[in-house]
Amino acid sequence: MNFDDAPPELIDELNDPETLFDSDPTGTMDAAFAGVSILSILFIVVFTLVVVFIIVVWVRNYRAAKNAGVDIFTVQTDIAAKASKSALLAPAQSKEERLRELDELRSKQLISAEEYAEARSKVLLG
């Protein structure tokens, strides 16, 4: 290669050891990627805040469940089981069924005559 026709600035730059390892001698990369570094920092900050928020919410839920005496990993199943056994979700008994049940309780002498009469009037009144 012949460097006789090369401008002196280029020869000086090639002879300078600091510029030999410079990947962007013209400086165009700094301007092109200036926005990317800001977006990267913004992404990292938002991602970190979201992770911290998730951890805080999980810890608060765990503590609340522990204070209530509920297992955090089975709380949804526990609630579903309690709801399925509740009187609100149970099918309503007809008057005949309730009267039959009262008759059985009275015949087994599990309730007194006064309790039977009171419960029977409540069933019949509705």
Side-chain angles (χ1 to χ4, degrees):
M1 247 182 163
N2 187 0
F3 288 108
D4 294 335
D5 297 334
E9 300 88 27
L10 180 61
I11 293 173
D12 290 340
E13 188 175 321
L14 290 173
N15 288 333
D16 186 11
E18 291 181 17
T19 60
L20 287 176
F21 299 107
D22 189 9
S23 63
D24 186 26
T26 59
T28 57
M29 298 295 276
D30 292 337
F33 290 104
V36 173
S37 64
I38 291 171
L39 289 177
S40 299
I41 292 170
L42 183 64
F43 174 78
I44 290 170
V45 168
V46 169
F47 181 79
T48 304
L49 290 174
V50 168
V51 168
V52 167
F53 176 76
I54 290 171
I55 291 171
V56 167
V57 168
W58 190 86
V59 168
R60 289 187 65 190
N61 285 338
Y62 177 79
R63 285 183 180 164
K66 187 176 178 182
N67 289 339
V70 178
D71 183 9
I72 187 80
F73 299 108
T74 62
V75 70
Q76 288 180 328
T77 306
D78 294 342
I79 291 171
K82 286 179 183 177
S84 67
K85 294 178 183 177
S86 73
L88 294 175
L89 296 179
Q93 290 180 324
S94 67
K95 286 185 181 183
E96 293 84 13
E97 291 172 341
R98 289 186 291 186
L99 289 172
R100 218 175 288 123
E101 184 180 345
L102 284 173
D103 289 338
E104 288 176 21
L105 291 173
R106 180 67 184 127
S107 67
K108 294 178 184 176
Q109 296 182 348
L110 296 173
I111 57 174
S112 66
E114 295 85 25
E115 292 171 331
Y116 173 78
E118 183 181 334
R120 184 173 167 80
S121 65
K122 284 183 182 178
V123 168
L124 293 174
L125 293 176

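The basis for the numbers below is simple: all heavy atoms, side chains too, and nothing from hydrogens, waters or symmetry mates. Being a predicted model, the structure only gives us computed values, none of them experimental.
Each of Val57, Val50, Val56 was checked for a side chain to side chain contact (heavy atoms under 4.5 Å, CB included) with Ile54, and the lone residue meeting it is Val50.
Linking ILVMFWY residues whenever their side-chain heavy atoms come closer than 4.5 Å, directly or via other members, places Leu124 and Leu102 in the same cluster. Side-chain heavy atoms closer than 4.5 Å link hydrophobic residues (I, L, V, M, F, W, Y) into clusters, and following such links, possibly through other members, connects Phe73 to Val59. Val45 and Phe53 sit in two unconnected hydrophobic clusters of ILVMFWY residues. Membership requires side-chain heavy atoms under 4.5 Å apart, directly or through other members. Note: the hydrophobic cluster containing Leu99 also contains Leu110 (ILVMFWY, side chain heavy atoms under 4.5 Å, direct or indirect links). Both Tyr62 and Val51 are part of a single hydrophobic cluster, where members link through side-chain heavy atoms under 4.5 Å apart.
Side-chain atoms of Val70 and Ile79, non-hydrogen and from C-beta on, never get closer than 4.5 Å to each other.
Listed by first then second residue, pairs satisfying ring-ring contact (aromatic ring centres under 6.0 Å, His included) with a partner in residues 105-126 number zero, not counting sequence neighbours. Applying the salt bridge (charged side-chain N to carboxylate O under 4.0 Å, His left out) definition to pairs two or more places apart or across chains, those involving residues 100-118 are Glu118-Lys122.
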